[in-house]
Amino acid sequence: GGQRASRQPIRGNDLETRVRISFEDSLAGVQVRVPVEVETACTVCHGTGAEPGTAPSVCPQCAGRGVVSDSQGLFAFSQPCPRCRGNGTIVESPCRHCRGLGREHVTKRYSVKIPAGAKSGTRVRLKGKGEAGHNSGPAGDLFVVVDVDASPLYERRGSDLLLEVPVTYAEAALGASVQIPTPEGPVSLK
């Protein structure tokens with residue numbers, strides 16, 4: 001029968017964005033600024049969808065229940081109210097800024113700490129920085145996916161760095177001390 005539509009808090013959507021960093025920054029770790037377009041409550045109507053100075057009113061068709069019933073003899077079928085779309089309220093004068101939706105898209109910039117040793121595909125999670133929830137629900141999370149530029153010197157294999165160093169036949173046969181470039185500076189290797 002005619003139950004009121006549920007206005008449960010709904011968690012906001014998670015968002016994902018990508019950031020490109022240099023190979024050297026991936027080894028040391030770096031702080032980057034990431035722009036993200038998110039959907040938030042309208043700054044003019046504060047999410048109500050109604051023009052400032054007005055408020056949503058109770059739907060006259062469903063009397064605020066959010067559902068309408070259609071009696072078919074012994075059976076009654078309930079469905080979301082077509083006038084208020086199951087909300088139980090209607091907006092007579094919609095906000096001009098968001099066109100009555102109560103939400104708007106804005107670009108926010110977040111500072112993200114990429115950890116040392118990050119490789120391509122590393123995901124950094126920022127809790128609560130995703131899209132705003134509906135009906136006072138919690139915000140989603142923002143996931144920053146890291147893309148690391150290739151190094152002209154090193155090849156990465158898991159947590160190891162590989163480097164090819166050319167040596168002459170005499171150096172290989174008799175032994176020699178060779179300067180090896182490392183991320184921290186050159187090292188002499190025998």
Side-chain angles (χ1 to χ4, degrees), residues 1-21 25 29-115 118 120-149:
Q3 300 172 11
R4 181 172 167 77
S6 173
R7 295 203 27 101
Q8 295 288 330
I10 301 170
R11 184 178 181 274
N13 292 328
D14 290 339
L15 298 176
E16 184 175 288
T17 189
R18 299 186 88 80
V19 64
R20 179 166 292 281
I21 61 173
D25 285 344
V30 68
Q31 190 97 10
V32 294
R33 301 254 325 140
V34 179
V36 180
E37 186 172 310
V38 295
E39 187 179 76
T40 63
C42 175
T43 55
V44 176
C45 68
H46 305 290
T48 65
E51 189 67 30
T54 66
S57 58
V58 174
C59 176
Q61 188 168 349
C62 66
R65 292 189 334 252
V67 293
V68 291
S69 298
D70 184 23
S71 182
Q72 300 285 327
L74 295 174
F75 300 100
F77 297 100
S78 293
Q79 63 185 12
C81 176
R83 181 154 184 202
C84 68
R85 297 187 193 113
N87 289 330
T89 59
I90 56 171
V91 177
E92 296 292 338
S93 51
C95 172
R96 286 182 234 145
H97 184 72
C98 67
R99 296 184 198 95
L101 298 174
R103 303 180 74 72
E104 65 180 337
H105 288 276
V106 296
T107 300
K108 291 188 175 182
R109 296 189 190 319
Y110 297 108
S111 186
V112 181
K113 172 77 171 126
I114 307 297
S120 287
T122 298
R123 291 168 55 99
V124 178
R125 177 179 170 215
L126 298 177
K127 187 172 174 56
K129 302 298 183 186
E131 285 190 355
H134 294 274
N135 301 329
S136 301
D141 297 333
L142 171 64
F143 292 93
V144 179
V145 181
V146 178
D147 291 322
V148 179
D149 290 334

* Asked: Looking at CZ of R125 and CG of D14, how far apart are the two atoms once the value is rounded to the nearest 0.5 Å?
  -> 8.0 Å
* Asked: Of all heavy-atom pairs between V145 and G121, which one has the smallest distance, and what is that distance?
  -> CG1-CA, 4.2 Å
* Any T43 side-chain heavy atom under 4.5 Å of H97 side chain -> yes
* Asked: Are any of the side-chain heavy atoms of L101 and C42 separated by less than 4.5 Å?
  -> no
* **Listed partners of R20 passing salt bridge (charged side-chain N to carboxylate O under 4.0 Å, His left out), at least two apart** => D149
* Asked: Considering residues at least two apart in sequence or located in another chain, which fulfil the side-chain hydrogen bond (donor to acceptor under 3.5 Å, both in side chains) criterion with E16?
  -> R123
* Rounded distance (nearest 0.5 Å) linking atom CD of E104 with atom SG of C45 -> 8.5 Å
* Pairing residues for D25 by the salt bridge (charged side-chain N to carboxylate O under 4.0 Å, His left out) criterion, not counting sequence neighbours -> none
* Could I get the full list of salt bridge (charged side-chain N to carboxylate O under 4.0 Å, His left out) partners for E51, not counting sequence neighbours? => R96
* **Check: G128 main-chain N/O paired with D141 side-chain donor or acceptor under 3.5 Å** => yes
* Between A63 and V58, what is the shortest heavy-atom contact and its length? -> C-CG1, 3.6 Å
Only distances under 3.5 Å count here; give the side-chain donor-acceptor pairs of residues 33-41 to other protein atoms, sequence neighbours excluded, each with its distance to 0.1 Å.
from : atom 1 : to   : atom 2 : distance (Å)
E39  : OE1    : R103 : NE     : 2.9

* Verify, without hydrogens or angle tests, whether Q61 (side chain) and C81 (backbone) share a donor-acceptor contact under 3.5 angstrom. => no
* Given I21 and I114, is the side-chain contact (heavy atoms from CB on, under 4.5 Å) satisfied, shown in steps? -> CA-CA 9 Å; I21 61 173; I114 307 297; 3.9 Å; yes
* To do: Using the test side-chain hydrogen bond (donor to acceptor under 3.5 Å, both in side chains), find all partners of S111 that sit at least two apart in sequence or belong to another chain.
  => Q31
* Distance (rounded to the nearest 0.5 Å) between L15 CG and Y110 OH -> 8.5 Å
* Do the non-hydrogen side-chain atoms of V44 and C98 ever get within less than 4.5 Å of each other? -> no
* To do: Please name the pair of heavy atoms, one in P80 and one in V68, separated by the smallest distance, quoted to 0.1 Å.
  => O-CG2, 4.3 Å
* Asked: If you look at every heavy atom in V91 and G49, which pair is closest and at what distance?
  -> CG1-O, 3.4 Å
* Starting from the C-alpha separation in whole Å, work towards a yes-or-no answer on side-chain contact (heavy atoms from CB on, under 4.5 Å) for S57 and E92. => CA-CA 7 Å; S57 58; E92 296 292 338; 3.9 Å; yes
* Asked: Just by modelled atom types, is the S78 backbone N or O under 3.5 Å from a matching donor or acceptor in the S69 side chain?
  -> no
* Asked: What distance do F143 atom CZ and K127 atom NZ have between them, rounded to the nearest 0.5 Å?
  -> 9.5 Å
